[in-house]
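The figures here come from the full heavy-atom set of this structure, side chains too, leaving out hydrogens, waters and symmetry mates. Counting starts at 1 for both ligands and their atoms, in listed order.
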Amino acid sequence: MEFSEVVRRRRMVRNYDPDRPVPAEVVDRLLGYAVHAPSTGFSQGWGFLVLTEAADRDLFWQVTTPDGLDDSPWSAGMRNAPVIIVPHSNRDAYLDRYAEPDKGWTDRDPERWPVPYWHIDAGFASMLMLLGVVDEGLGACFFGVPPDLTAGYRAAFEVPDEFTPIGAITIGYGVKDRRSPSLARGRREVPVVTHRGRWGG
Ligand SMILES: Cc1cc2nc3c(=O)[nH]c(=O)nc-3n(C[C@H](O)[C@H](O)[C@H](O)COP(=O)(O)O)c2cc1C
């Protein structure tokens with residue numbers, strides 16, 4: 001598929017064919033795209049939890065779904081996804097990398113960082129998977145894990161403390177879904193968000 005078409009067709013898909021598994025080699029290809037993402041200092045401080053077994057996915061939904069939302073249409077569609085990939089960032093990996101001699105930030109002070117690049121890099125990796133999904137004829141949705149449920153998620157899946165789930169991605173063959181009401185906001189087009197030469201121009 002042409003890159004421009006991949007970008008144009010990408011959208012968050014929130015319902016999947018539960019009877020159509022995603023081949024293991026496709027999941028592997030998506031993860032292969034993820035590790036080609038850029039990362040500051042080539043830190044690559046990301047980690048991906050891949051859930052393809054029904055029992056593991058059930059556990060994921062059990063520990064990450066807020067009370068009272070089990071029966072929502074959103075949950076029903078998302079739970080049909082045969083694959084969940086949880087991308088994590090690791091701040092320590094970045095502080096360690098930048099304490100190395102070629103970078104020299106031996107104080108490991110997070111204040112040195114213009115923005116938390118550990119989250120950004122995990123986001124870049126996620127984006128490559130989202131684009132790869134389109135190229136594979138699949139659908140995906142990136143969504144947030146509620147902060148108050150993160151500890152329970154970590155415990156359930158034995159995720160070390162230094163890893164933070166930046167969200168989660170459901171993946172599968174898309175079927176009819178309810179599009180996000182947020183889309184009614186309309187896309188902010190290039191001239192609205194672009195400032196050429198000076199911001200105020
Ligand atoms: C960081 C991030 C968090 C998101 N969290 C959620 C979420 O928790 N639930 C959800 O249904 N969609 C979530 N979305 C999807 C957005 O709602 C969606 O990208 C946006 O409405 C634009 O729609 P599109 O991606 O289909 O073009 C998230 C997207 C991003 C980038």
For this session: Check the pair V134, L130 against side-chain contact (heavy atoms from CB on, under 4.5 Å), reporting the backbone distance first and the verdict last.
Result: CA-CA 7 Å; V134 178; L130 293 178; over 6 Å; no
Problem set entry | From CA spacing to verdict: side chain to side chain donor-acceptor pair (under 3.5 Å), Y94, S89 | CA-CA 9 Å; Y94 286 73; S89 62; over 6 Å; no
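When every heavy atom of L131 is checked against every heavy atom of V6, the shortest pair comes out as O-CG1, 3.4 Å.
When only interatomic distances are considered, the shortest N/O to N/O separation between C141 and ligand 1 does not fall below 3.5 Å. Any N or O atom pair closer than 3.5 Å counts here, and R11 shares no such pair with ligand 1. Remark: ligand 1 and F143 share no N or O pair separated by less than 3.5 Å (distance only, no angle test). Of the N or O atoms in R14, one or more lie within a sub-3.5 Å distance of an N or O in ligand 1. Residue-to-ligand polar distances keep L183 apart from ligand 1: every N/O pair is separated by 3.5 Å or more.
The backbone N or O of G45 sits nowhere less than 3.5 Å from a side-chain atom of S43 that would complete a donor-acceptor pair. S126 places a side-chain N or O within donor-acceptor distance of the main-chain N or O of A122, the cut-off being under 3.5 Å.
By the 4.0 Å N-to-carboxylate-O rule, R79 lies close enough to D70 to be salt-bridged with it.
For atom 18 (C) of ligand 1, the nearest protein heavy atom (residue, atom name, distance) is M12 CG, 3.8 Å. Counting only heavy atoms of the protein, atom 28 (C) of ligand 1 lies nearest to F142 O, 3.3 Å.
Within ligand 1, counting atoms from 1 as listed, the ones closer than 4.0 Å to a heavy atom of G144 are 5 (N), 7 (C), 8 (O). Annotation for ligand 1: atoms under 4.0 Å from non-hydrogen atoms of R10 are 24 (P), 25 (O), 27 (O).
Taken to the nearest 0.5 Å, the CD atom of Q44 stands 9.5 Å off from the CG atom of D121.
Below 30°, between 30° and 60°, or above 60°: for F157 and F60 the angle between ring planes is between 30° and 60°, a tilted geometry.
Checking atom 16 (C) of ligand 1 against the protein gives a heavy-atom contact under 4.0 Å. Under the 4.0 Å distance rule, the nearest protein heavy atom to atom 31 (C) of ligand 1 falls outside the cut-off.
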